[in-house]
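The structure appears right after this line, and notes come after that.
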Amino acid sequence: MIDVLIVGGGPSGLALALMLRRSGIGVRVLEARTQVGGHSRAIGIHPPGLAVLDRLGLGRDLVDEGIRISHGVGMSRRRVIAELDFSFLPELHPFVLSLPQDRTVQRLRDRLVGLDAEALMDGVEFQRFTSHPDHQRVWASGADGRTLELECRFLVGADGSHSPLRDAAGIRRTGRIHPDRYEMGDYADSTGFGPIAVLFLHPEGIVESFPLPGGVRRWVARSGKADRGDLADLVARRTGHRLDPASNSMHSRFRTATYLVDRMNHGRVVLIGDAAHEISPIGGQGMTLGLLDAEELAPLLALAVNGRLPSGQVSGLLGRFSSRRLAAARTAARQARINMALGRPLGPSVVPLRDALAARAFASAGFSESVARTFTMSNH
C-alpha cells in the first residue's frame, strides 16, 4: 500500500513527491517518459515558485544555472515606451528566473531519487484506476509491456493539460481555446539586451524576447493567417533584429487555451498543476502555479496519511484547498488574457495614442510597481 501515488513527473508532481518524502510519507511517481525531454516551452520561474524550490533546497543551484530577469522594457516604433524594474520587490529573489523547464525537472528528479531510489518509476504509464472507501487501485503499463497493479491511499494527477488520470476519473473541466496563435524559437543572442526581457509592440502583433543561459535568446511572436514566412523573417520585420537561422535550436507553433476543473479534489483523487488548470503560457505563470499547488497540498496529505485528521475532515480541508488554488488559477488566467490582448494587432492610427498612454502610465512609480508585482506573481 503506497501512501500517495502521483501520476506525472513534471515540476509539480516531483515537487509534491519531494515534500511528502521529506515528511516520511511513502510516495511513487509514475512517469511515462524514460528521460527528460530536451526542448522546453516553459522557461520562467517567478519569485513565489523560486521560494518553493528554495525550501526544497534547490533554489540556489537553479538561480546559479539560470538568467535573472530583473528588468523589462516595452518598445514601439523602435523606442522604449515602458520600463519595469523588479529589484524593489520584497522577495528573496526579486526577479523572474529564466531557465528551461527540463533543467528544473532534472534537478527535482535527482533530488528525489537521492532521497528515495524507488520513488520515481520511469517508463510506467498510467492506464486506469478504481476507487474504494479507503484506497485507490491503479493499473499501469511498464516499459517492458507488463501490467502493474498498485494500491494507494491517495492518488494525485500531475500529468499535464491532457491528463489521462483526469479523463479516467471523469472529471469535467470548462474553458475554451483562444484564437491567438504564436511562433516560438531559440536563437543565438546578438541583440545586446543581456538579461533584459523585451516586448516589441508592433501593429501586426507582439514579439517577446527573453534571455536564456548559454548566450541564447527565446523569441515568441503572435502570428496571423497572413504570416507565411518563418519566425526569423517575422522578427526581422517587426523588430529590426536579424536572427541567425543556423543557430536555431528549438522551434514550435502553438495556440493558447484556458481550462479549469470545477474541483481539484474528488474523494481521494486530487489534481494539481496543468491537470487542474490550464492557462495561456503568455506570461509564463504555469510552472509557479503548479509548484504552489504542490506546496499547499503536501501538508494536508501528510496529516491525512498519518491519521492526524479524522476522515470526515479530510474532504473539507481538500475542498478548501481546491477553492483557494482555483481562485489563484483564475487570477492568473485573467492576467494571461490581458497579456494576450496587449499583444494583438492594432490599427496603425491607434499606435501613437497607445504609446503616449503607456509612457504616461509607466512614468508613475505606483503604477509601474503594481504592474511589476503582477508580472512576477508576487501577489500570489
Side-chain angles (χ1 to χ4, degrees), residues 6-16 30-32 37 40-46 48-49 101 105 125-126 128-129 155-184 220 222-223 252-267 269-297 318-344 374-375 377 379-380:
I6 301 169
V7 180
S12 56
L14 291 169
L16 177 62
L30 307 186
E31 171 52 53
S40 296
R41 284 188 178 181
I43 60 171
I45 312 176
H46 295 68
Q101 180 175 300
V105 168
E125 186 172 359
F126 168 84
R128 62 188 178 92
F129 78 99
L155 179 59
V156 178
D159 48 347
S161 59
H162 299 292
S163 173
L165 175 54
R166 185 187 64 230
D167 292 342
I171 298 172
R172 190 173 68 96
R173 63 177 191 160
T174 56
R176 67 187 183 94
I177 297 174
H178 302 295
D180 308 80
R181 299 172 184 268
Y182 295 87
E183 298 256 353
M184 178 169 67
V220 183
R222 190 185 191 279
S223 58
S252 72
R253 296 181 174 91
F254 65 93
R255 297 189 67 178
T256 64
T258 301
Y259 285 101
L260 276 70
V261 296
D262 296 331
R263 286 186 298 124
M264 294 169 68
N265 65 304
H266 295 257
V269 177
V270 187
L271 302 178
I272 63 173
D274 288 350
H277 41 68
E278 177 185 0
I279 67 170
S280 165
I282 304 303
Q285 304 171 94
M287 191 191 313
T288 293
L289 272 180
L291 291 171
L292 294 172
D293 287 349
E295 186 168 63
E296 186 164 346
L297 179 61
L318 290 177
R320 288 190 284 278
F321 153 81
S322 171
S323 296
R324 288 189 296 270
R325 296 311 306 154
L326 286 176
R330 283 190 285 270
T331 297
R334 282 194 296 271
Q335 183 57 45
R337 287 194 294 271
I338 292 171
N339 295 344
M340 289 190 295
L342 291 172
R344 288 175 182 147
T374 299
F375 268 87
M377 300 180 70
N379 296 326
H380 284 253

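Since we're looking at a predicted model, the values are computed, not measured.
- No donor-acceptor distance shorter than 3.5 angstrom exists from the side chain of Glu278 to the backbone of Ser161, with no hydrogens or angles considered.
- In this structure, Leu292 and Pro48 have side chains that are in contact, with non-hydrogen atoms separated by less than 4.5 Å.
- A distance of 16.0 Å separates CZ of Arg128 from CG of Asp167, quoted to the nearest 0.5 Å.
- Formation of a donor-acceptor pair under 3.5 Å by the Arg255 side chain with backbone atoms of His178 is found in this model.
- Heavy atoms only, all atoms of each residue included: Asp293 and Phe321 are closest at O-CE1, 3.5 Å.
- Atom CG of residue Asn265 and atom CD1 of residue Ile171 lie 9.0 Å apart, to the nearest 0.5 angstrom.
- At a cut-off of 3.5 Å, with distance as the only test, a side-chain donor of Thr331 or Arg334 sits close to an acceptor on the other residue.
- Going from atom CE of Met184 over to atom OG of Ser252 covers 3.5 Å, rounded to the nearest 0.5 Å.
- Interatomic distance, Asp274 CG to Met287 CE, rounded to the nearest 0.5 Å: 10.0 Å.
- Across all their heavy atoms, Gly49 and Thr288 have their closest contact at N-CG2, 3.5 Å.
- A donor-acceptor pair is defined here as one N or O able to donate and one able to accept, closer than 3.5 Å; such a pair exists between the side chain of Arg166 and the backbone of Ala275.
- In plain terms, the two heavy atoms of Arg222 and Gly343 that are nearest each other are CD-O, 3.4 Å.
- Smallest separation of non-hydrogen atoms from Leu318 and Gly267: CD1-O, 4.1 Å.
- Closest heavy-atom contact between Met264 and Ser322: N-OG, 2.9 Å.
- Between Ala294 and Leu16, the closest heavy-atom pair is O-CD1, 3.7 Å.
- Within the model, atoms CZ of Phe254 and CZ of Arg181 stand 12.0 Å from one another, a figure rounded to the nearest 0.5 Å.
- A side-chain donor-acceptor contact under 3.5 Å links His46 to the backbone of Phe375.
- To the nearest 0.5 Å, the span separating CD1 on Ile272 from CZ on Arg325 amounts to 10.0 Å.
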Please evaluate residues Leu14 and Glu31 with respect to the criterion side-chain contact (heavy atoms from CB on, under 4.5 Å), reporting the C-alpha separation (whole Å), side-chain torsions for both, the decisive distance (0.1 Å), and the verdict. CA-CA 10 Å; Leu14 291 169; Glu31 171 52 53; over 6 Å; no

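- The backbone N or O of Gln101 sits nowhere less than 3.5 Å from a side-chain atom of Arg41 that would complete a donor-acceptor pair.
- Under the 4.5 Å side-chain criterion, counting only non-hydrogen atoms from C-beta, Pro164 is not in contact with Val7.
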